[in-house]
Amino acid sequence: MTEPAKSKTIRVTVDGIEYTRDVEARTLLVRFIREALNHTGTHFGCDTGHCGSCSVIVDGKVVKSCMVLAVQADGADIETVEGLANPDGSLHPIQQAFSQYHALQCGFCTPGVLMAAKYLLETNPHPNEEEIRRGIKGNLCRCTGYVNIVRAIQSLANEEEVRV
Amino acid sequence: MALLLRELEYVRPDSLEDAVRLLSELPDAGLLAGGQSLINVLKMRIGGYSTLIDISRLRELKAIEVGEKSLRVGAGVTYDELMHSMEVSLHRPTLVDVVGRIADPQVRNRGTLGGNCCYNDPTCHLPPILTAIGTVFEARGSHGTRMIPASEFFVSYYQTSLGPGEMLVALHVPKLKSRSGDGFVPLSVGGTDVLNIIAGAATVTLAEEGGIEEVVIVVTGASERPIRLESVEEGLKGTAGQPDDADRAFSLLDLALLDPPDDVHASAEYRRDMVPVFTRRALEQAMKNARRGIHD
Ligand SMILES: Cc1cc2nc3c(=O)[nH]c(=O)nc-3n(C[C@H](O)[C@H](O)[C@H](O)COP(=O)(O)OP(=O)(O)OC[C@H]3O[C@@H](n4cnc5c(N)ncnc54)[C@H](O)[C@@H]3O)c2cc1C
Ligand code: FES
Ligand code: FES
């Protein structure tokens, strides 16, 4: 696209499903995912790039979707928390670990933390505790105190073969 | 629920040439790089542009090239890409360390070197270290290309010497010389590298006998722009860089040079007092790194 425009038709794949939509240039990716596509699993917290609850993976890189315009994601492959579980409803290993280690309380931060954890394990399959803490530094949790989140991720990091 | 952004136009040119042309032709247009500062500026409606020119996918801004004396790093290289660059790890390892301290994986996956320098927030990580190591900024506008030394690039709070219609295309980073080392020590809120109150950066080159041959010490957050502590540098040159040499050199620090801001994070007085502390730590780190090189 080489002419400036107030809106644009974009094509994105979200959790394996392709969508083509007209979107205003000013629309944040998080709003597009939640409001245009109605995938409300991805949360919208601070709207300033600090809390990380809006984290999604865009073309293999975790980002805060309130800090990206939807038009910038044109052509991208986007993974959100809604794509983690299998179609039959069985949980992804990271979700299982979060359940087993009680790594969430109110759950507001969880969609973002799960995506940050997925990205961390994809880019560094055997992180130590410090690397885990650095990996989720962009995600704020007001409930758990992080200890159980770190334990849950650590339980996957210690496995020889991590399926992510 | 938050406000919508003000209505705006968006364009994603396919080439650097088109980006430069659009920037000079379109009224009130601005560049969108990683967006990790600009999107927040737009949300606050405190400024920003009516047209965004998205340069985040321009391949021409992504290259990292190794020259004889310096690295040419494209302005569009993200922090994450820089952290994984073998060339930078080899020739200026401190940059890999410094960008690895910025924010979090999400911000590092999008934020760019060019954006960090052009935003020039006084708390940003890159202006102090890039000034200390003598980076030269390559700018392009409709009139052609211009090279700007770091000492002239960072002008004041959120201001650079880029003119209207001009964009940063690359950073020329001198390769680390032998017997040299860099240091970077920020004083940040809560000690977590978030919101640097001040940041000290230094680079030194040691003589073969181990004394200080060349040294540059820079501080940000103590004035509107990165400042060099030249009197301290002069006091250190030719010395062995031992603690009493540093004591003597830092006693020459010209405090009148500093004009620190006073804000919720720190008083001006505290900032002024911390300048010698953090610049000295940066110097010590640089010395340590330089000596490590000697023993290699
Ligand atoms: C939660 C959070 C924490 C952060 N913490 C830190 C931190 O600890 N340290 C730190 O240094 N930064 C921090 N940042 C800021 C971050 O580093 C930004 O990425 C950076 O300030 C801007 O880079 P960008 O590529 O995102 O630029 P953008 O936001 O896209 O652009 C910033 C400005 O620079 C201009 N610009 C961009 N590229 C060019 C170019 N090539 N030529 C001319 N003008 C250009 C734009 O027009 C705009 O005015 C943080 C950001 C967030 C959201
Ligand atoms: S809503 Fe995006 S970081 Fe908080
Ligand atoms: S579980 Fe409540 S914010 Fe994290």
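Bear in mind that the values here come from a model prediction, so they are computed numbers and not experimental data. Here is how names work: the chains are called A, B, and so on, in the same order as the sequence lines, proteins then strands, and each is numbered from 1.
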Next on the checklist: As a quick check of understanding, evaluate side-chain contact (heavy atoms from CB on, under 4.5 Å) for A/E3 and B/V11, giving each step before the final call.
Outcome noted: CA-CA 6 Å; A/E3 284 307 314; B/V11 56; 5.8 Å; no
Item to check | Heavy-atom contact with chain A under 4.5 Å, split by part of B/R21 | outcome: neither
Next on the checklist: Show, in sequence, the C-alpha distance, side-chain angles and deciding distance for A/K6 and B/E7, and conclude whether the side-chain contact (heavy atoms from CB on, under 4.5 Å) test is met.
Outcome noted: CA-CA 7 Å; A/K6 284 203 168 74; B/E7 209 167 60; 3.0 Å; yes
Checklist entry - Where on A/E24 is there a heavy atom nearer than 4.5 Å to chain B: the side chain, the backbone, both, or neither? => result side chain
Checklist entry - Does atom CZ of A/R133 have more than 12 heavy-atom neighbours, drawn from other residues, nucleotides or ligands, at distances under 6.0 Å? => result yes
Item to check | Beyond-backbone contact of B/L32 with A/L69, side-chain heavy atoms, under 4.5 angstrom | outcome: yes
Item to check | Interface moiety of B/L42 toward chain A, non-hydrogen atoms closer than 4.5 Å | outcome: neither
Checklist entry - For B/I53, is it the side chain, the backbone, both or neither that has a heavy atom under 4.5 Å from a heavy atom of chain A? => result neither
Item to check | Proximal component of A/T48, with respect to chain B [non-hydrogen, under 4.5 Å] | outcome: both
Checklist entry - A/K137 and B/A103: which non-hydrogen atoms are nearest, and at how many Å? => result NZ-O, 3.1 Å
Checklist entry - Are B/N40 and A/D47 side-chain neighbours, meaning at least one heavy-atom pair lies under 4.5 Å? => result no
Checklist entry - Under a 4.5 Å heavy-atom cut-off, does chain A meet the side chain of B/L38, its backbone, both or neither? => result neither
Item to check | B/P105 to A/R134 - nearest heavy-atom pair and separation | outcome: CD-O, 3.7 Å
Checklist entry - Between the main-chain N or O of B/L8 and the side-chain N or O of A/R26, is there a donor-acceptor pair closer than 3.5 Å? => result no
Checklist outcome for this item: For A/A25 and B/E9 the tightest heavy-atom approach is CB-C, 4.4 Å
Item to check | Over all atoms of both residues, closest heavy-atom pair of B/G35 and A/M67 | outcome: O-CE, 3.8 Å
Item to check | Heavy-atom neighbours of B/E17 CD exceed 12 at 6.0 Å | outcome: no
Checklist entry - Between B/D54 and A/V71, is any pair of side-chain heavy atoms under 4.5 Å apart? => result no
Next on the checklist: Surrounding CD of A/E18 (heavy atoms of other residues, nucleotides or ligands, distance under 6.0 Å), is the total greater than 12?
Outcome noted: yes
Checklist entry - Quick one: what part of A/C66 sits under 4.5 Å from any heavy atom of chain B, side chain, backbone, both or neither? => result both
Checklist outcome for this item: Scanning both residues in full, the closest heavy-atom pair of B/R57 with A/A73 reads NH2-C, 4.0 Å
Checklist entry - Taking all atoms of both residues into account, what is the closest heavy-atom pair of B/N109 and A/V62, and its distance? => result ND2-O, 2.8 Å
Next on the checklist: Do A/Q72 and B/Y10 make a side-chain contact, defined as non-hydrogen atoms from C-beta onward lying under 4.5 Å apart?
Outcome noted: yes
Item to check | Beyond-backbone contact of B/R108 with A/K61, side-chain heavy atoms, under 4.5 angstrom | outcome: no
